[in-house]
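Only heavy atoms go into these numbers, but all of them, side chains included; no hydrogens, no water, no symmetry mates. Residue numbering restarts at 1 for every chain, and letters A, B, ... go by the order of the sequence lines.
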There are 2 protein chains.
Amino acid sequence: MPDGADKKPSRIQQRNRGLILDAALDVFSKHGYRGATLDQIAEAAGLSKPNILYYFDGKEEIHVTLLNQLMETWLDPLVTLDPDGDPLQEILGYVQRKLDMARDLPRESRLFAGEILQGAPRMAPHLVTGLQPLFDEKCAVIRVWMEKGALATVDPRHLIFSIWATTQHYADFDAQVQVLLRDDPDRHGGAAEYLATMFTKLLSP
Amino acid sequence: MPDGADKKPSRIQQRNRGLILDAALDVFSKHGYRGATLDQIAEAAGLSKPNILYYFDGKEEIHVTLLNQLMETWLDPLVTLDPDGDPLQEILGYVQRKLDMARDLPRESRLFAGEILQGAPRMAPHLVTGLQPLFDEKCAVIRVWMEKGALATVDPRHLIFSIWATTQHYADFDAQVQVLLRDDPDRHGGAAEYLATMFTKLLSP
DNA sequence: GGCAATTTTTACCATTTGGTAAAGACACGA
DNA sequence: TCGTGTCTTTACCAAATGGTAAAAATTGCC
């Protein structure tokens, strides 16, 4: 039984847990937590439902596992914001990385968005212990940059919110963006250029 | 039977349909379409489940009714964007109105966000017939303003996206914002000031 | 007050869904 | 090859859920 924090997982265990998590990411991000069913996940993973419950204790554990895994990837671009780099370039680089993530990992973006949208019922602790300290730290970094005169002064907290909002929008509201930008062959490039302009004008001292 | 487009609705009908829709907005916005149950809606409305199904054909009809109703309210600030007004003031006013809506109508914002997040399964037609023409029209207005030199030139489509994203973020990601801004007594004011600064710097010619 | 139409309740039902028990298939080291 | 532990399937189940039928209550008009 591959339950708690037992010994090292077998090759089959690793493969199947991977299959399940990938399938679950698909299904959860498409239908939300309640909208997703174990049967859908099972079919997407190519396994039987009881077999899935052999690897995970239940639907909720799959979801939480996914969320925990995601947090790392998700915060990584913010982690790499370098206090010793060129302030404006650091911010613009961060915007770019977040925008790339919205394009390359839309399922992850939507999974996260869905969880927050419903009040973060399965993630509130993680927000406080994982996100909050990092957020405060990077706000302080940005504040220092502004005090040095390397960036125009704005509230760093709302600055970060606006970066998150504008980049993730392209993943989370894709259904809408697709309707309104129907035949634009270079949506990503257009967004990248627009956001670079916006944050450059905002932050140039 | 208060079914199709019959005669004028009775007073009871008007009241109860109102109760149901308000309760449903609560429940749907909190748990999403699949996560919401008729029992929850019934309890929130103070009516029995079969009684609810006396006024609406089913869960889906309630949801769709809500979405359709919402569209009007939702697009209103964009409708009132006046081609003959002062360009920058018009945009800033639009931002402000959207931000106020995020504060005053968070349930509506989250209902909408949840629907789009899942691919707009019950709203795609409305996006094409209602939103798209308005979006194109207002993009054209903004483009004219830019060509006249009244605004700095940026892609109007991404400009509008960034307004939507940054304002709705405060409603849709409230669970996150609340954690990160825990003891800020003036979140709304701070956001308003930040966004005014951002869009002013972006658009000032 | 009487009566038809409207509204509400009671008692159900079929399906879906998360989950379990236990038997069976399989892998792999001795 | 044999046996032990790992993995998978089959056959279920109880609860939740969207929905219905029809009786009972209520409303509103004459």
Could you state the atom-to-atom distance from CG of A:D39 to C1' of C:dT20 in whole Å?
14 Å
N or O in side chain of B:Q13 less than 4.0 angstrom from C:dT7 OP1/OP2
yes
Can you confirm if the aromatic rings of B:H158 and A:Y170 lie within a centre distance of less than 6.0 Å?
yes
Please work out if B:L38 contacts a base, only the sugar-phosphate, or nothing of the nucleic acid, heavy-atom cut-off 4.0 Å.
sugar-phosphate
Could you give the NE2-to-P distance, from B:H63 to D:dG18, as a whole number of Å?
13 Å
Do the rings of A:W74 and A:F112 sit parallel, tilted or perpendicular, given the 30° and 60° boundaries?
tilted
Value in whole Å for how far the P atom of D:dG19 lies from CD1 of B:I41
10 Å
Taking the ring of A:F199 and the ring of A:Y194, is the distance between their centroids below 6.0 Å?
no
Classify the nucleic acid contact of B:A42 as base, sugar-phosphate or nothing, counting any heavy atom under 4.0 Å across all strands shown.
nothing
Between the protein and nucleotides 8-10 of chain C, which nitrogen or oxygen pairs are less than 3.5 angstrom apart?
{"residue": "C:dT8", "atom": "OP1", "partner": "B:N16", "partner atom": "ND2", "Å": "3.2"}
{"residue": "C:dT8", "atom": "OP2", "partner": "B:N16", "partner atom": "ND2", "Å": "3.0"}
{"residue": "C:dT8", "atom": "OP2", "partner": "B:N51", "partner atom": "OD1", "Å": "3.2"}
{"residue": "C:dT8", "atom": "OP2", "partner": "B:N51", "partner atom": "ND2", "Å": "3.3"}
{"residue": "C:dT8", "atom": "OP2", "partner": "B:Y55", "partner atom": "OH", "Å": "2.6"}
{"residue": "C:dT8", "atom": "O5'", "partner": "B:N51", "partner atom": "ND2", "Å": "3.2"}
{"residue": "C:dT9", "atom": "OP2", "partner": "B:S48", "partner atom": "OG", "Å": "3.4"}

Is it the case that the side chain of B:K59 and the backbone of B:A36 share a donor-acceptor pair, with hydrogens and angles ignored and the cut-off at 3.5 Å?
yes
Close side-chain approach of A:R107 to A:D22, heavy-atom, < 4.5 Å:
yes
Nearest whole Å is fine: how far is D:dT17 P from B:F28 CZ?
13 Å
How long is the line joining NZ of B:K59 and P of D:dT20, in whole Å?
15 Å
Should A:R34 be listed as having a side-chain N or O under 4.0 Å from OP1 or OP2 of D:dT17?
yes
Treating B:Q40 as the side-chain partner and B:T37 as the backbone partner, does any N or O pair qualify as donor plus acceptor under 3.5 Å?
yes
Separation of C:dT7 atom P from B:I20 atom CD1, nearest Å, is 11 Å
Report the C-alpha separation of A:R157 and B:L180 in whole Å, then their side-chain angles, then the decisive distance to 0.1 Å, and conclude whether the side chain to side chain contact (heavy atoms under 4.5 Å, CB included) test is met.
CA-CA 8 Å; A:R157 301 168 305 168; B:L180 299 179; over 6 Å; no
How long is the line joining CZ of A:F56 and P of C:dG18, in whole Å?
15 Å
Whole angstrom value for the distance that separates P of C:dT17 from OH of A:Y33
14 Å
